[in-house]
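Notes to accompany the following structure.
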Amino acid sequence: MLRPATIVGILSALSLSACSVQEASNRADSIALEGTKRGASKSWNPNTWQPPAVDSTPDDPYEVSVYRGLAILTHTRDSLPTYAPSSLNCTSCHLDEGRRPNAAPLAGVMARYPRYIDRVNAVIPIEDRINYCFTRSLAGSRLPPDSREMQDLVAYFAYISKGVPTGEHVRGEGMALMPKLVGDSSRGRPLFTNNCARCHGPDGRGMGTIPALWGGKSFSIGASMARVERAASFIRHNMPFDRPGSLTDQESYDIAAYLTSMSRPDLPGKENDWPSGGAPADVPYDTKGRKSAHPIKPIPRLNAAGAVVTAPVSVLRNR
Ligand code: HEC
Ligand code: HEC
């Protein structure tokens, strides 16, 4: 194994032709220093960092790939109808092209992978994480990791992660944790009618280009959005689309309780989630050692075989 001093030596030697000895050793020192404090970076400021804009007139293969990745993210159904059969696109949840805080932003995502995910109890690459959203959030089929489309998505994510040091976190990453409240679906129903039905339809099945919230064309039972607390957070910060932030925490929970009690596409293999136990209390299906407190009746999946993403073997599995 290389010790920090050896690494500094190698880096200074390699850099000699490009710049002065002094510059090279300064840079090598700071790299070695960062390496000692896991993830720490002196110049990184999550409050001022912005993901770069995408060039809409791409003129080299890399820019074309980034641009195609963005197009697939925003027009998933039209671009990949056999993989994305629901009414949702990736940007139905990852709002503003994956840039909006508290709407599971994808900006900076490349700094977070490979990553350990407790739901599968394994360290997974970004392609697997993307396929969880294809199979769970879009109730679709997994995209081959070596396909051009997958690599275009990865290129876009890498592009909008520019400048985020490995292991660092962006502002509003994921979706903010909600205070622990209990949602009431009987209160949620009229709140839904008054605040959501005009866009998502009176029966929640979507209208025009606006995606469904339940039913056969919505996200699957295995999506994070199918959990009350996660849905409440998304709603609290992002919905109604034209008046985000206008609902209280309790109202968001009540609406979330209503929409997560509805039927939606199944996820084959969902009983294997959290293989070591410890699933969150609001997961709407039974997992190891835990009967769901809010079970729902799933709608059978047509594309069952394509909906399973096999987890990589992890050192932690089967322990
Ligand atoms: C129904 C809503 C929904 C849809 C649609 C959706 N996602 Fe997600 N996605 C989520 C949620 C929720 C998370 C988890 C965020 C967190 O870590 O808290 C997530 C996480 C991710 C992550 C990991 C982010 C991180 O910070 O670790 C990636 C990558 C991703 N999604 C890609 C996609 C892609 C590509 C598509 C389209 C094929 C898509 N998502 C569609 C809800 C959705
Ligand atoms: C003004 C129209 C409008 C209203 C009102 C509205 N939404 Fe949405 N909602 C949208 C749009 C549009 C999207 C997809 C965002 C995109 O494609 O950029 C969306 C996405 C969503 C999503 C994620 C995608 C999906 O279909 O699951 C959820 C969940 C959601 N809305 C819930 C609600 C709830 C709950 C309410 C009421 C509190 C609500 N919305 C009110 C327009 C609206």
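Just so it is clear, the structure is predicted and the values come from calculations on it, not from any experiment. When a ligand or atom number is given, it counts from 1 through the structure's own listing order. These numbers come from the heavy atoms of this one structure, side chains and all, not from hydrogens, waters or symmetry mates.
Judged by distance alone, with hydrogens and angles left aside, the side-chain atoms of D118 form no donor-acceptor pair with the main-chain N or O of N121 at under 3.5 Å. The backbone N or O of G108 sits nowhere less than 3.5 Å from a side-chain atom of E168 that would complete a donor-acceptor pair. A donor-acceptor pair is defined here as one N or O able to donate and one able to accept, closer than 3.5 Å; no such pair exists between the side chain of S185 and the backbone of Y258. Between the side chain of W214 and the backbone N or O of D203, at least one donor-acceptor pair lies under 3.5 Å. Under a 3.5 Å cut-off, the side chain of R264 and the backbone N or O of F219 do form a donor-acceptor pair.
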Test side chain to side chain donor-acceptor pair (under 3.5 Å) applied to D184 and S186, step by step
CA-CA 6 Å; D184 179 339; S186 64; 2.6 Å; yes
May I have the step-by-step check of side-chain contact (heavy atoms from CB on, under 4.5 Å) for L181 and D249, ending in yes or no?
CA-CA 8 Å; L181 299 175; D249 289 343; 3.7 Å; yes
Audit row: D286, K291, salt bridge (Lys or Arg N to Asp or Glu O under 4.0 Å) steps and yes/no:
CA-CA 5 Å; D286 297 346; K291 274 222 156 313; 3.0 Å; yes
Assess the residue pair R68 and E149 against the criterion (salt bridge (Lys or Arg N to Asp or Glu O under 4.0 Å)); give the C-alpha distance rounded to whole Å, side-chain angles, the decisive distance to 0.1 Å, and a yes or no.
CA-CA 8 Å; R68 274 178 51 103; E149 288 71 20; 3.4 Å; yes
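In summary, the atoms of ligand 1 found under 4.0 Å from a heavy atom of N89, numbered by their order in the structure, are 5 (C). Per-residue contacts place R230 under 4.0 angstrom from the following atoms of ligand 1 (heavy atoms of the residue considered): 18 (O). Each of the atoms 1 (C), 5 (C) of ligand 1 lies under 4.0 Å from some heavy atom of L88. Below 4.0 Å from some heavy atom of I255 lie the following atoms of ligand 2, by number and element: 35 (C), 38 (C). Close contacts between ligand 1 and V109 involve ligand atoms 24 (C), 25 (C) [criterion: under 4.0 Å to a heavy atom]. Close approach of ligand 1 to L138 is summarised as follows: ligand atoms under 4.0 Å from at least one heavy atom of the residue are 5 (C), 37 (C), 38 (C). Contact atoms of ligand 1 toward G174: 16 (C), 18 (O) (distance under 4.0 Å to a heavy atom of the residue).
Under 4.0 Å from ligand 2, not a single heavy atom of L191 appears. Neither the backbone nor the side chain of T209 comes within contact range of ligand 2; no heavy atom lies under 4.0 Å. Within the 4.0 Å heavy-atom criterion, neither part of F192 lies near ligand 2. When non-hydrogen atoms are compared, ligand 1 lies under 4.0 Å from neither the backbone nor the side chain of E173. Only the backbone of A212 comes within 4.0 Å of ligand 2, judged by heavy-atom distances. At a 4.0 Å heavy-atom cut-off, ligand 2 does not touch R243 at all.
Side-chain polar atoms of E127 and N131 form no donor-acceptor pair below 3.5 angstrom. Judged by distance alone, the side chains of D273 and Y285 do bring a donor and an acceptor atom under 3.5 Å apart. Counting only N and O atoms by type, the side chains of D59 and T57 include no donor and acceptor under 3.5 Å apart.
Nearest non-hydrogen protein atom to atom 19 (C) of ligand 2 is M239 CE, 3.3 Å. Ranking protein heavy atoms by distance to atom 43 (C) of ligand 1, first place goes to S137 OG, 3.4 Å. Of all protein heavy atoms, the one closest to atom 2 (C) of ligand 1 is C93 SG, 1.9 Å. Shortest contact from atom 13 (C) of ligand 1 to any protein heavy atom: R129 NH2, 3.5 Å. In terms of protein heavy-atom proximity, atom 38 (C) of ligand 2 is closest to C196 SG, 2.7 Å. Here the protein heavy atom with the shortest distance to atom 4 (C) of ligand 2 is C199 SG, 3.3 Å. With respect to atom 35 (C) of ligand 1, the closest heavy atom belonging to the protein is C90 SG, 3.6 Å.
For ligand 2, the polar-atom distance check against I235 finds no nitrogen or oxygen pair separated by under 3.5 Å. In terms of polar-atom proximity, H200 is counted as a contact of ligand 2, with an N or O under 3.5 Å from an N or O of the ligand. Taking any N or O of Y113, backbone or side chain, at least one lies under 3.5 Å from an N or O belonging to ligand 1. The shortest N/O to N/O separation between R112 and ligand 1 falls below 3.5 Å. Considering backbone and side-chain atoms together, S224 places no N or O closer than 3.5 Å to any N or O of ligand 1.
For R189, the CZ atom counts as loosely surrounded, since its 6.0 Å shell holds 12 or fewer non-hydrogen atoms of other residues, nucleotides or ligands.
Taking the side chain as every heavy atom from C-beta outward, K270 and I221 approach each other to under 4.5 Å.
Ring planes of Y83 and F134: perpendicular class, angle over 60° (limits at 30 and 60°).
Atom 8 (Fe) of ligand 2 has no N, O or S atom of N238 under 2.8 Å away, backbone or side chain.
Cation-pi geometry between R136 and Y132 is met: under 6.0 angstrom from the ring centre, within 45 degrees of the axis.
Of all the listed residues (L247, T91, I210, N194), T91 holds the heavy atom that lies closest to atom 16 (C) of ligand 2.
As for H94, its N/O/S atom nearest atom 8 (Fe) of ligand 1 is the one called NE2.
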